[in-house]
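Worksheet: the structure to be examined is printed underneath.
Please read these numbers as outputs of a predicted model, since none were measured by experiment. Position 1 is the first residue of the sequence, and the numbers go up from there.
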Amino acid sequence: MIRFVGARVSSSLLRGNWLAFVGVLLLGVPGMAAAEGGKPGAAPAWSFSGPLGHFDLASVQRGYAVYASVCSACHGMEQVHFSDLAGIGLKAEDIQALAATRQIADGLDAQGRVQRRPARPDDRILSPYVSPAAARAAHGGVVPPDLSRIVMVRPGGASRIYGLLTGYAPDAQWQEGKGFRNPYGIANFTAMPPPLHEGAVQYADGTPATVAQQARDVTTFLAWVSAPHQDERRRLGVGAGLYLCFLAALFMILTRRIWSHVRK
């Protein structure tokens with residue numbers, strides 16, 4: 001009885017189950033269901049979006065230059081070590097040189113003042129402020145957020161960050177009790193003044209440092225920081241998916257051969 005019930009399983013049903021399985025597999029690939037906020041079409045197409053996306057490491061490197069020149073004055077990345085920058089293609093000597101350009105707190109001296117020293121590759125990329133209270137005092141009661149996972153935790157992801165960086169009016173002015181008007185800020189306002197300006201950063205590869213280019217690059221860098229192993233996981237996922245496809249095809253061929261002598 002069970003034998004003939006199994007024999008009546010049609011090939012169309014097998015194909016349907018297989019397609020459903022593939023759909024579930026693709027939805028499980030990181031980034032497949034990532035929601036992008038902000039206004040539709042406001043942000044560029046991100047190379048790292050989608051199940052087969054990948055990070056443009058040249059853009060990630062330029063983005064670090066923007067972070068180091070502009071964003072690091074207020075924001076830290078406390079879950080990131082300088083040595084992690086090897087993942088964007090930097091050599092050990094380059095990382096050591098970049099780390100040495102940053103000063104970090106290193107205890108107190110005999111008078112109780114904060115001592116600072118050049119950072120080392122194994123140091124974290126800390127906030128420039130010694131405490132949240134110091135950050136709050138410097139920014140009118142607002143603590144600049146840590147950027148380690150900002151793209152992952154902020155609703156809207158990369159497109160929201162890009163929109164925030166480029167969404168200021170040309171004559172943006174501080175409004176008391178609200179901040180700067182920006183359609184991508186909370187309640188359409190943000191405490192952060194416009195951070196990017198034309199030509200504020202000099203790219204080593206000669207790319208024109210427009211505001212849009214800087215915003216795109218630093219957003220790509222922050223997306224990489226939020227998920228530095230994303231490309232590796234996607235390559236592993238694609239390899240696993242192809243292997244499962246091979247096994248499924250082999251299973252279907254063997255099933256047809258085993259039941260080929262049974263009349264429908």
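- Here the closest heavy-atom approach between residue Arg154 and residue Pro145 is recorded as NH2-CG, 4.4 Å.
- In terms of the ring pair (Phe, Tyr, Trp, His ring centres under 6.0 Å) criterion, residue partners of His139 (sequence neighbours excluded) are, by chain and number, Tyr129.
- Between the CZ atom of Phe189 and the CG atom of Asn182 there is a distance of 10.0 Å, given to the nearest 0.5 Å.
- Applying the side chain to side chain donor-acceptor pair (under 3.5 Å) criterion to Thr190, with sequence neighbours excluded, gives no partner residue.
- Put simply, the side chain of Ser47 gets close to the backbone of His54: a donor and an acceptor are under 3.5 Å apart.
- Hydrophobic clustering keeps Leu126 apart from Leu85 (ILVMFWY residues linked when any side-chain heavy atoms are closer than 4.5 Å, directly or through intermediates).
- Side-chain atoms of Gln103 and Pro118, non-hydrogen and from C-beta on, do get closer than 4.5 Å to each other.
- Of all the heavy atoms in Cys74 and Ser127, the pair that sits closest is O-OG, 4.4 Å.
- Considering only residues two or more places apart in sequence or on other chains, Val153 meets the side chain to side chain contact (heavy atoms under 4.5 Å, CB included) condition with Arg149.
- Between Trp46 and Ser159, the shortest heavy-atom distance links the atoms NE1-OG, 3.2 Å.
- The two atoms that bring Val142 and Ala191 nearest to each other are CG2-CB, 4.0 Å, heavy atoms only.
- Rounded to the nearest 0.5 Å, atoms OG1 (Thr220) and CZ (Arg216) are 6.5 Å apart.
- The side-chain heavy atoms of Val66 and Phe221, taken from C-beta on, include no pair separated by under 4.5 Å.
- Annotation: salt bridge (Lys or Arg N to Asp or Glu O under 4.0 Å) contacts involving residues 117-135, sequence neighbours excluded, comprise Asp106-Arg117, Arg117-Asp123, Arg120-Asp122.
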In residues 194-206, what donor-acceptor pairs under 3.5 Å come from side-chain atoms, sequence neighbours left out?
from	atom 1	to	atom 2	distance (Å)
His197	NE2	Pro194	O	3.3
Glu198	OE2	Val211	N	3.3
Tyr203	OH	Asp217	OD2	2.9
Asp205	OD1	Thr207	N	3.1
Asp205	OD1	Thr207	OG1	2.9
Asp205	OD2	Arg62	NH1	3.0
Asp205	OD2	Thr207	OG1	3.2

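- How far OG1 of Thr166 is from OH of Tyr184: 6.5 Å, rounded to the nearest 0.5 Å.
- Listed for the Asn188 side chain is no donor-acceptor partner under 3.5 Å among the backbone atoms of Arg181.
- A search for ring pair (Phe, Tyr, Trp, His ring centres under 6.0 Å) contacts involving Phe82 returns nothing, not counting sequence neighbours.
- Judged as a side chain to side chain donor-acceptor pair (under 3.5 Å), and not counting sequence neighbours, His229 has no contacts.
- Listed by chain and number, the residues in a side chain to side chain contact (heavy atoms under 4.5 Å, CB included) with Ala212 are Tyr162, Thr210 (sequence neighbours excluded).
- A 6.0 Å sphere centred on CG of Leu247 holds more than 12 heavy atoms belonging to other residues, nucleotides or ligands.
- Between Met152 and Leu222 the shortest side-chain heavy-atom distance does not fall below 4.5 Å.
- The minimum heavy-atom distance between Val151 and Ser226, with the atom names listed, is N-OG, 3.4 Å.
- Proximity of a side-chain donor or acceptor of Arg136 to a complementary backbone N or O of Pro144 within less than 3.5 Å is not detected.
- Partners of Arg113 by side chain to side chain donor-acceptor pair (under 3.5 Å), not counting sequence neighbours, listed by chain and number: Asp109, Gln111.
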>> As a quick check of understanding, evaluate side-chain contact (heavy atoms from CB on, under 4.5 Å) for Arg160 and Thr219, giving each step before the final call.
In response: CA-CA 9 Å; Arg160 175 75 175 274; Thr219 301; over 6 Å; no
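- You'll find the side chain of Phe180 reaches within 4.5 Å of the side chain of Trp174, heavy atoms only.
- Screening residues 81-99 for side chain to side chain donor-acceptor pair (under 3.5 Å) gives no qualifying pairs among residues at least two apart or on separate chains.
- Both Leu98 and Leu147 are assigned to one and the same hydrophobic cluster, defined by single-linkage of ILVMFWY side chains at heavy-atom distances under 4.5 Å.
- Among residues two or more places apart in sequence or in another chain, the side chain to side chain donor-acceptor pair (under 3.5 Å) test is passed with Asp56 by none.
- In this structure, the side chains of Glu78 and Ile125 stay at 4.5 Å or more apart for every pair of heavy atoms.
- In this structure the side chain of Gln61 reaches within 4.5 angstrom of the side chain of Leu90, judged on heavy atoms.
- Using a distance-only test at 3.5 Å, with no hydrogens or angles considered, no donor-acceptor pair links the side chain of Arg234 to the main chain of Leu52.
- For Ser148, the side chain to side chain contact (heavy atoms under 4.5 Å, CB included) partners two or more places apart in sequence, or in a different chain, are Met77, Gln79, Val80, Asp146.
- Here the closest heavy-atom approach between residue Ile104 and residue Ala119 is recorded as CG2-CB, 4.0 Å.
- Tyr64 and Tyr67 have tilted rings, their planes meeting at an angle from 30° to 60° on a 0 to 90° scale.
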